[in-house]
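A quick write-up on the structure given underneath.
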Number of protein chains: 2
Amino acid sequence: MSNDVHLKEALDTLKTTGVRITPQRHAILEYLINSMIHPTADDIYKALEDKFPNMSVATVYNNLRVFREVGLVKELTYGDAASRFDFVTNDHYHMICESCGKIVDFHYPGLNEVEQFASHVTGFQVNSHRLEVYGTCQNCLTGQNKQAL
Amino acid sequence: MSNDVHLKEALDTLKTTGVRITPQRHAILEYLINSMIHPTADDIYKALEDKFPNMSVATVYNNLRVFREVGLVKELTYGDAASRFDFVTNDHYHMICESCGKIVDFHYPGLNEVEQFASHVTGFQVNSHRLEVYGTCQNCLTGQNKQAL
DNA sequence: ACACTAATTATAACGATTATAAATTAAATT
DNA sequence: AATTTAATTTATAATCGTTATAATTAGTGT
C-alpha cells in the first residue's frame, strides 16, 4: 500500500474519531509515514522546523499522544533515552543495533501461542505483546559508522 | 535454588570481578533477591533507608549499573516511567498488568528460532531479545486493587 | 595499621516529557 | 462568507528519573 493511501486513511481515521486536522498534524503524520528511521519526537520537531518555524515541541508530543490513542502510531520506549515513534501499518517486530541504534523492521508470524501460554500460566487476560531483537548491524560489524545509541 | 545461595553466588561473582563488597551493595543485592516486585531504584532506596539513613539515591543507581554490567541484574525500561530491576536467575519473560503494573514472571522455551530468523532477514548479528506480554491480572479483572501503573 | 584506590555522599545538572495559561484557529452553524 | 466555540497551538515553566561532579569515606592487599 502506498504512502499516499496510508496518509489518506490516517486522515480519515482522524476525521472519524473527531480529531481536528491541523496543518501541524498533517505534517507530522506525513513525516511519520515517509520516515524510515522510527524518529524521536525531537527528530520530527527538527524535521518540520523549516515548514513550521513557530511549532512547539509540546505540539509534537501532544499529537503523537493523540495519534497513539487513536491507534495510528506506536510508541517504542527505551528507558531514559527518547521514545521512538512508528506509524502502524501491519504487525512487525524490531531488530535494533546496539552499536548505532538503527532499527530495522522484520515480519514474523504467530507469536500467539506465546500469548496463550503466558495467559494460561499467569491467569492474566492478554492484550498484546512486545518483542525486540538486539544485535549488531552489518555496517557496525564491518567497523564503519560508529555512533552513540 | 534458595535465596541464600543466590546471594552467596552473587557475592562470589562480585569478588571474582573485582567489585568491592560494601554494606550498601550487600543490602541492595539482598533486597533484590528477596523482592518479588521487580523494584524501581526508588523502591530500593526507600526500602533501605531505615538501615542506611545516609545512603544516596546515586548509590542505588550506581550499584544497579554495576550489577547490570556484571550480569547480575537486568534492567527493564519503560520510557518515561522508572526502570525496574530484576535479579537474574534463569531465563524468563514478563507478564505485565496494564491496570496495576504488576509484573509476573513466566518461563517459555526457545525463542531462538525467532532470533535466527530475524538475523537471517536483517543481516544483523543477534545478541539477545526482549519479550513482554501485556494484559490484565485476575485482581484487576475482578475489579479490586486499581492503582496507577 | 597503612596506603591506595574505589565507593559513597551531597548536590547540581541534564534531558525527555508534561502541565499550564494565554493566544490562535478548525470547522460547525448560521 | 461571517460568527462562534471548543479544540489546538504556543511559550514557558515544572516534573521526574537519572547521571555528573567533587569532596569525603571506607574496602582490601600489603
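In what follows, every chain begins at residue 1, and chains take the letters A, B, ... in the order their sequences are listed.
Annotation: of the two residues near DNA chain D, A:Val66 and A:Val57, the 5′-most nearest-nucleotide partner is A:Val66.
Remark: the backbone N or O of B:Thr136 is not paired with any side-chain donor or acceptor of A:Gln125 at under 3.5 angstrom. For B:Thr13 (side chain) and B:Glu9 (main-chain N/O), a donor-acceptor pair under 3.5 Å exists by modelled atom type. B:Thr142 places a side-chain N or O within 3.5 Å of a backbone atom of B:Asn139 that can act as its donor or acceptor partner.
If you take CG of B:Leu14 and C1' of C:dA7, they are 13 Å apart, rounded to a whole angstrom. In this structure, B:Ile28 atom CD1 and C:dA7 atom C1' are separated by 11 Å, rounded to whole Å. For the pair A:Met55 CE and C:dT24 P, the computed distance is 18 Å after rounding to whole Å. One can place OH of B:Tyr78 at 18 Å from C1' of D:dC16, the figure rounded to the nearest angstrom. With rounding to whole Å, A:Arg65 atom CZ is found 6 Å from C:dT18 atom P.
When the nucleotides D:dT9, C:dT9, C:dA16 are ranked by their closest atom to the side chain of A:Thr59, D:dT9 comes out on top. Set against C:dT17, D:dT19, D:dA11, the side chain of A:Ala82 has C:dT17 as its closest nucleotide. Taking only side-chain atoms of A:Tyr61, from C-beta outward, the nucleotide of D:dT18, C:dT17, C:dT11 with the closest atom is C:dT17. The listed nucleotides are C:dT17, D:dT18, D:dT10; the one nearest the side chain of B:Glu75 is D:dT18.
A heavy-atom distance below 4.0 Å to DNA chain C is reached by these residues of residues 18-27 of chain A, ordered by number: A:Arg20, A:Ile21, A:Pro23. Residues from residues 38-54 of chain B lying near DNA chain C, meaning a heavy-atom separation below 4.0 Å, are B:Asn54 in numerical order.
A cation-pi arrangement is found for B:Arg130 relative to B:Tyr78, the charged atom lying closer than 6.0 Å to the ring centre and inside a 45° cone about the ring normal.
Between B:His129 and A:Tyr93, the ring centre distance reaches or exceeds 6.0 Å.
Looking at B:Glu98 and A:Asn127, their side chains do bring a donor and an acceptor atom within 3.5 Å of each other. Side-chain contact of A:Asn62 with A:Thr59: a donor-acceptor pair under 3.5 Å is absent, judged by distance alone.
For A:Phe117, the ring pair (Phe, Tyr, Trp, His ring centres under 6.0 Å) criterion is met by B:Tyr108, not counting sequence neighbours.
Summarising the geometry of B:Gly101 relative to B:Arg84, their closest heavy-atom pair is O-NH2, 3.9 Å, with the distance given to 0.1 Å.
The side chain of B:Asn62 contributes no N or O atom lying less than 4.0 Å from OP1 or OP2 of C:dT9.
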